[in-house]
Amino acid sequence: MGLFLTASADSTAASANTFIIILIYVVLFGFLYFVMIRPQRKEQKKKAQTLASLAIGDSVRTTGGFVGVILDISDDMVIVEFGNNKNCRIPMYKEAIVEVEKPEDAIVSTSSSNNDSNDSKKK
C-alpha cells in the first residue's frame, strides 16, 4: 500500500510541475503578444488606412526619401511627380510610400508659420 501512495504523490507533483510550465509559457506568449505582435498590427492598420486615403495632389515621401506629388492612382500603383521638372514622373507601388501630407495640412502649417513670423516682426 505504501508503494501506491508514493506513486500518487509523485504524479501529483508531476502534474503541478506541468501546470507551472504551461502557465509560464502562457505568460511568456502573452508578454510577447503585447510587446511585439500587437504594436506591429496597429502600425500595419495605420499604414493601410493612410494608403487607402491617398488622393491626387497629396504630397508623399517615399522609402528612398524622395518627396513628390501624386498625379494618378491605380489599384496598387501611383504615379508621382518629383521636383519642379514636369518630366520626372515615376510609377511606384503604394507600399513605397512612407508619409502622406494632404494639401489642406500644408496650407494650415504654412499659414501658421507665416503668422508666427508676422508676430515676431511686430515685437
Side-chain angles (χ1 to χ4, degrees):
M1 179 128 183
L3 181 63
F4 295 118
L5 290 176
T6 44
S8 74
D10 288 340
S11 68
T12 306
S15 66
N17 287 340
T18 305
F19 177 73
I20 291 173
I21 290 172
I22 291 172
L23 183 65
I24 289 172
Y25 278 121
V26 168
V27 169
L28 182 65
F29 180 75
F31 176 75
L32 289 177
Y33 175 78
F34 281 105
V35 170
M36 295 175 63
I37 298 170
R38 189 168 177 240
Q40 185 178 9
R41 285 191 181 166
K42 277 186 171 183
E43 187 176 324
Q44 287 173 345
K45 285 181 183 179
K46 183 180 175 185
K47 183 170 181 172
Q49 287 176 342
T50 302
L51 294 180
S53 69
L54 285 177
I56 295 174
D58 289 350
S59 179
V60 296
R61 184 172 57 93
T62 66
T63 54
F66 295 110
V67 177
V69 177
I70 295 178
L71 296 179
D72 189 27
I73 300 173
S74 64
D75 292 335
D76 60 343
M77 299 282 289
V78 293
I79 297 178
V80 182
E81 179 180 69
F82 296 102
N84 294 332
N85 187 356
K86 300 296 181 192
N87 294 327
C88 188
R89 297 176 178 176
I90 300 174
M92 59 178 41
Y93 288 103
K94 286 183 179 180
E95 290 82 26
I97 295 173
V98 176
E99 185 179 333
V100 178
E101 185 176 303
K102 299 286 184 185
E104 304 88 39
D105 297 340
I107 293 170
V108 170
S109 64
T110 306
S111 64
S112 66
S113 64
N114 287 341
N115 291 341
D116 293 341
S117 63
N118 290 339
D119 291 341
S120 63
K121 290 178 183 177
K122 289 178 184 178
K123 292 181 182 179

Sequence neighbours excluded and cut-off under 3.5 Å, please list the side-chain donor-acceptor pairs for residues 16-34, or say none.
unit_1: N17; atom_1: ND2; unit_2: A13; atom_2: O; d: 3.4
unit_1: T18; atom_1: OG1; unit_2: A14; atom_2: O; d: 2.8

message = According to salt bridge (Lys or Arg N to Asp or Glu O under 4.0 Å), does anything in residues 19-35 pair up with another residue at least two apart or in another chain? List the pairs.
response = none
request  = Measure the CG-CD1 distance between L71 and I73 for me, rounded to the nearest 0.5 Å.
outcome  = 10.0 Å
ask   = Do any N or O atoms from the side chain of K94 and from the backbone of A48 form a donor-acceptor pair under 3.5 angstrom?
value = no
query = How would you list, by chain and number, every residue that makes a ring-ring contact (aromatic ring centres under 6.0 Å, His included) with F66, sequence neighbours excluded?
reply = F82
query = Roughly how far apart are T63 OG1 and E95 CD, rounded to 0.5 Å?
reply = 10.5 Å
note = Joining Ile, Leu, Val, Met, Phe, Trp and Tyr whenever any side-chain heavy atoms lie under 4.5 Å apart, the cluster holding V69 also takes in none
request  = Provide the full list of salt bridge (Lys or Arg N to Asp or Glu O under 4.0 Å) pairs with a residue in residues 56-68, sequence neighbours left out, each pair given once.
outcome  = D58-K102, R61-E99
inquiry  = Could you measure the distance from the NZ atom of K47 to the CD atom of E43? Nearest 0.5 Å is fine.
reply    = 8.5 Å
ask   = Atom CD of E81 and atom CG of N87: how far apart are they, to the nearest 0.5 Å?
value = 9.0 Å
key: Pairing residues for R38 by the salt bridge (charged side-chain N to carboxylate O under 4.0 Å, His left out) criterion, not counting sequence neighbours   = none
message = With rounding to the nearest 0.5 angstrom, report the NZ to NZ distance, K45 to K42.
response = 9.0 Å
message = How close do V60 and L54 get, counting heavy atoms only, and between which atoms?
response = CG1-CD2, 4.3 Å
task = Could you grab the distance from atom CD1 of I56 to atom CD1 of I79, nearest 0.5 Å is fine?
result = 9.5 Å
